[in-house]
**Student:** 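The structure under discussion is supplied below as structure tokens; questions concerning it will follow.
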Amino acid sequence: MDPVRPEFLPDPALSRDEMEALQYDVADAADWSDAFDFDAQEVSLDGEASLSGDRPLVAGVDQAFLDDRGVSAIVVARGDTVVERVHAVTDLEIPYIPGLLSFREGGPIVAAFEKLSCDPDLLVFDGSGRIHFRQAGLATHLGVVFDKPSVGVAKSLLCGHPTEDVDGRPEGWRAEILADDSVENADSGDPIGHAFQSRQYDTEPIINPLYVSPGHRVSVPTATTLVSQLCGGYKLPEPTRQADAYADDVKAEYR
DNA sequence: GCGACAG
DNA sequence: ATCTTGTCGC
């Protein structure tokens, strides 16, 4: 897969101001409506009740690190059948800076996508999409670069505020994340994602919710519904879990 | 100055 | 993200 919008590639050599300016442009180029009609049956993991051939190809993307190198792993599956796995390792040029994650990890991610020969219908990233200071988190940025429907799944909240207390919620619960003053290109109060309880025990320990947000070509409610369909009994969506495991394997070999 | 901050 | 033992429970 080659970048469809190379002008938006996350270049780590840019100045901080240039990075932020690019993020505004990325957000303007992003589409947060439902361009694709993902219906429940089509995305579900177990295909017993659906037409397996019609279910979309979903790519999970995850990163791991070795010293100053980044590993990006992509696992593409249709239902529970893995179709392709690719990875790339590149030097990391800049440190982790909240809000600029795509410029740190974009190198290995783009390199991995360029090795991908299939054409996924949906990209699932570990990190935020619209839940970001300029609504241009990792999932938004790379979704726009490759012009693919994408969702961001984060384990903690970067910015914005949930409409309700998120503690100890039952499985399936969701609450909107509303933009606050830190989201520079949104009105305060705009829904930019969801807190979503993908798994919960009857007793302790209490599991924290996921923070799901649209990357590109997906709406806030659809992003969360897609993630709920991809969580096969675990906290994280299955594509993310598989990419995570693959990234660990790759990491062990480059060591 | 203070607080907050994906991976 | 990463560094790590033991521990609880199905």
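Everything quoted here is computed from the prediction, not taken from an experiment. Order of the sequence lines fixes the chain letters, A, B, ..., with proteins taken first and strands second; residue numbering starts at 1 for each chain.
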**Student:** Would you kindly give the CG-to-C1' distance between A:Leu142 and B:dG7, to the nearest whole Å?
**Tutor:**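 It is 13 Å, rounded to the nearest whole Å.
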**Student:** Among the nucleotides B:dG7, C:dT2, B:dC5, which one has an atom lying closest to any side-chain atom of A:Ala64?
**Tutor:**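 Nucleotide nearest to A:Ala64's side chain: C:dT2.
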**Student:** When you measure from the side-chain N and O atoms of A:Lys155 to the phosphate of B:dA6, is any distance below 4.0 Å, counting only OP1 and OP2?
**Tutor:**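 The answer is no; no side-chain N or O of A:Lys155 sits under 4.0 Å from OP1 or OP2.
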**Student:** Write down the distance between CG (A:Leu158) and P (B:dG3), rounded to a whole number of angstrom.
**Tutor:**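 From A:Leu158 CG to B:dG3 P: 19 Å.
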**Student:** Could you tell me whether A:Lys148 and A:Asp119 make a salt bridge, using a distance below 4.0 angstrom between a side-chain N and a carboxylate O?
**Tutor:**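 Yes.
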**Student:** Tell me the interatomic distance from A:Leu101, atom CG, to B:dC5, atom P, rounded to whole angstroms.
**Tutor:**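 These atoms are roughly 15 Å apart.
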**Student:** Considering every strand and a 4.0 Å limit on heavy-atom distances, what is the contact class for A:Phe65: base, sugar-phosphate, or nothing?
**Tutor:**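 Sugar-phosphate contact only.
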**Student:** Can you check the A:Asp181 CG to B:dA4 C1' distance for me, whole Å?
**Tutor:**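 Rounding to the nearest Å, CG of A:Asp181 and C1' of B:dA4 are 13 Å apart.
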**Student:** Would you mind reading off the distance between A:Leu236 atom CG and B:dG7 atom C1', rounded to a whole angstrom?
**Tutor:**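 Atom-to-atom, A:Leu236 to B:dG7, this comes out as 13 Å.
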**Student:** Mark yes when over 12 heavy atoms from residues, nucleotides or ligands other than A:Tyr234 sit less than 6.0 Å from its OH; otherwise mark no.
**Tutor:**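 Counting other residues, nucleotides and ligands, OH of A:Tyr234 stays at 12 neighbours or fewer.
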**Student:** By the 4.0 Å heavy-atom rule, please label A:Ile131 as base, sugar-phosphate, or nothing.
**Tutor:**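 Touches nothing.
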**Student:** Need one value for A:Leu100: base, sugar-phosphate or nothing, where a base atom within 4.0 Å counts as base even if backbone is also close, heavy atoms only.
**Tutor:**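 Base, at least one base heavy atom under 4.0 Å.
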**Student:** By the definition side-chain contact (heavy atoms from CB on, under 4.5 Å), identify the one residue from A:Leu101, A:Val71, A:Ile109 that meets it with A:Gln63.
**Tutor:**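 Among the candidates, only A:Ile109 passes.
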**Student:** Output yes when at least one side-chain N/O atom of A:Tyr96 is less than 4.0 Å from OP1 or OP2 of B:dA6, else no.
**Tutor:**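 Yes, such a contact exists.
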**Student:** Within a 6.0 Å radius of atom CG on A:Asp165, are there more than 12 heavy atoms belonging to other residues, nucleotides or ligands?
**Tutor:**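 Counting other residues, nucleotides and ligands, CG of A:Asp165 exceeds 12 neighbours.
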**Student:** Check whether the ring centres of A:His141 and A:Phe103 lie less than 6.0 Å apart, and answer yes or no.
**Tutor:**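 Ring-ring flag for A:His141/A:Phe103: true, centres closer than 6.0 Å.
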**Student:** Given atom CG of A:Asn208 and atom C1' of B:dG7, what is their separation to the nearest angstrom?
**Tutor:**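 Taking CG of A:Asn208 and C1' of B:dG7, I get 16 Å after rounding.
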**Student:** Need one value for A:Ser156: base, sugar-phosphate or nothing, where a base atom within 4.0 Å counts as base even if backbone is also close, heavy atoms only.
**Tutor:**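 Sugar-phosphate, no base atom in range.
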**Student:** Considering every strand and a 4.0 Å limit on heavy-atom distances, what is the contact class for A:Arg255: base, sugar-phosphate, or nothing?
**Tutor:**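 Here A:Arg255 touches the backbone only, sparing every base.
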**Student:** Look at all strands and tell whether A:Gly99 reaches a base, only sugar-phosphate, or nothing, counting heavy atoms closer than 4.0 Å.
**Tutor:**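 Since a base atom lies under 4.0 Å of A:Gly99, the category is base.
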**Student:** Tell me which one of A:Val151, A:Val26, A:Asp31, A:Val145 satisfies side-chain contact (heavy atoms from CB on, under 4.5 Å) with A:His216.
**Tutor:**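 By the side-chain contact (heavy atoms from CB on, under 4.5 Å) criterion, A:His216 pairs with just one of A:Val151, A:Val26, A:Asp31, A:Val145: A:Asp31.
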**Student:** Please work out which of the three classes, parallel, tilted or perpendicular, describes the rings of A:His87 and A:Tyr254, given edges at 30° and 60°.
**Tutor:**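 Correct class here is perpendicular.
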**Student:** If the cut-off is 4.0 Å, is A:Lys251 near the phosphate of C:dA1, judged by side-chain N/O to OP1 or OP2?
**Tutor:**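 Answer no for this pair, as no side-chain N or O of A:Lys251 is under 4.0 Å from OP1 or OP2.
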**Student:** List DNA chain B stems (3 or more consecutive Watson-Crick/G-U pairs, under 3.5 Å)?
**Tutor:**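 Stems (3+ consecutive pairs): none listed.
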**Student:** In whole angstroms, how far is the C1' atom of B:dG7 from the CG atom of A:Asp126?
**Tutor:**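 Taking CG of A:Asp126 and C1' of B:dG7, I get 7 Å after rounding.
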**Student:** Taking NE2 from A:His161 and P from B:dC5, how many angstroms apart are they, rounded to a whole number?
**Tutor:**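 About 9 Å, once rounded to whole Å.
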**Student:** Is the shortest side-chain N to carboxylate O distance from A:Glu171 to A:Arg199 below 4.0 Å?
**Tutor:**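 So A:Glu171 does not pair with A:Arg199 through a salt bridge.
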